[in-house]
Each structure stands twice: as C-alpha cells, then as structure tokens.
Amino acid sequence: MTKPDPHIETFRLQAERMDQLGIPCDPDAAMALLAVFMSEIEGTISEEEMFSLAEIGGHLYREGLKRNSEGSSM
C-alpha cells in the first residue's frame with residue numbers, strides 16, 4: 001500500500017479541522033485566499049510556480065461557475 005502524499009494528508013487534516021470548527025465549505029473563499037497569497041508572493045517565485053497557483057485558481061473558478069449554474073437551474 002502506498003503512503004499518501006504528505007501535502008494531501010495536510011489538506012485532509014485541515015479539512016477535518018475546518019469541519020470541527022464549523023467553517024463552511026466555500027470555494028469562493030479559497031479562491032480569494034489564493035488571490036491574496038499570489039499578490040503577496042508575486043515577483044518572489046518563478047513564473048512556473050505562479051502558473052501552478054493560477055491553475056489551482058482556475059480549478060476553483062470553474063467549480064464556482066459550475067456550482068452557480070447548478071444553483072440557478074433549480
């Protein structure tokens with residue numbers, strides 16, 4: 001059995017912590033946090049690293065669009 005990636009495990013533990021604290025699941029908040037973080041570190045990391053973070057933001061953005069379109073079709 002392969003050991004899970006330590007970062008994925010960190011994400012899982014953080015999700016459990018957020019559940020215990022009653023923090024709602026909010027991809028929009030995650031996208032806003034990511035945008036602030038990217039603004040703070042811009043110019044200190046490589047273009048490739050910024051692109052990777054932008055890709056994460058793209059996934060969050062698409063999830064938000066999907067969620068909004070599903071909500072409006074109800």
Side-chain angles (χ1 to χ4, degrees):
M1 187 166 157
T2 62
K3 188 174 180 181
D5 180 284
H7 296 98
I8 300 296
E9 181 63 11
T10 298
F11 299 158
R12 184 188 67 75
L13 292 170
Q14 181 65 10
E16 287 178 0
R17 180 186 155 279
M18 293 166 68
D19 288 343
Q20 291 170 351
L21 293 173
I23 298 171
C25 182
D26 185 358
D28 292 336
M31 192 167 37
L33 286 169
L34 180 59
V36 168
F37 177 65
M38 290 174 70
S39 294
E40 291 173 353
I41 63 172
E42 191 170 13
T44 64
I45 64 174
S46 70
E47 286 184 33
E48 293 84 11
E49 291 165 324
M50 280 299 281
F51 180 80
S52 293
L53 294 173
E55 187 171 355
I56 294 166
H59 285 286
L60 292 169
Y61 188 84
R62 286 183 1 195
E63 182 60 29
L65 288 176
K66 179 178 146 190
R67 191 177 64 252
N68 290 338
S69 70
E70 289 172 353
S72 65
S73 64
M74 291 182 165

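Nothing here was measured: the structure is a model prediction, and the numbers come from that model. Residue indices begin at 1 and follow the sequence shown.
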Closest heavy-atom pair, E49 versus I45, reported as atoms and distance to 0.1 Å, is OE1-CB, 3.0 Å
Could you walk me through whether R67 and E63 pass the salt bridge (charged side-chain N to carboxylate O under 4.0 Å, His left out) check?
CA-CA 6 Å; R67 191 177 64 252; E63 182 60 29; 5.1 Å; no
>> Assigning hydrophobic clusters by single linkage (Ile, Leu, Val, Met, Phe, Trp, Tyr; side-chain heavy-atom cutoff under 4.5 Å), is I8 placed with L34?
In response: no
Side-chain heavy atoms nearer than 4.5 Å, only ILVMFWY residues, links allowed to pass through others: does that put F11 and M18 together? no
Distance col, row K66:NZ vs N68:CG, nearest 0.5 angstrom, shows 12.0 Å
In this structure, CZ of R62 is separated from CG of L65 (nearest 0.5 Å) by 9.5 Å
Are more than 12 heavy atoms, taken from residues, nucleotides or ligands other than E47, located less than 6.0 Å from that residue's CD atom? no
### Message
What I'd like to find out is whether the side chain of E9 reaches to under 4.5 Å of the side chain of L13, using heavy atoms alone.
### Response
yes
Output for pair (Q14 CD, I23 CD1), nearest 0.5 Å, gives 7.0 Å
- prompt: Any chain of hydrophobic side-chain contacts (each under 4.5 Å) joining L60 to L33?
  reply: no
Exercise. Give the cluster check for I41 versus M31: same hydrophobic cluster or not, with ILVMFWY residues linked at side-chain heavy-atom distances below 4.5 Å.
Key: yes
Sorted by chain and number, sequence neighbours left out, side chain to side chain donor-acceptor pair (under 3.5 Å) with Q20 holds for none
Within the supplied structure, the quantity of interest is the number of heavy atoms (other residues, nucleotides, ligands) at a distance under 6.0 Å from R12 CZ; does it exceed 12? yes
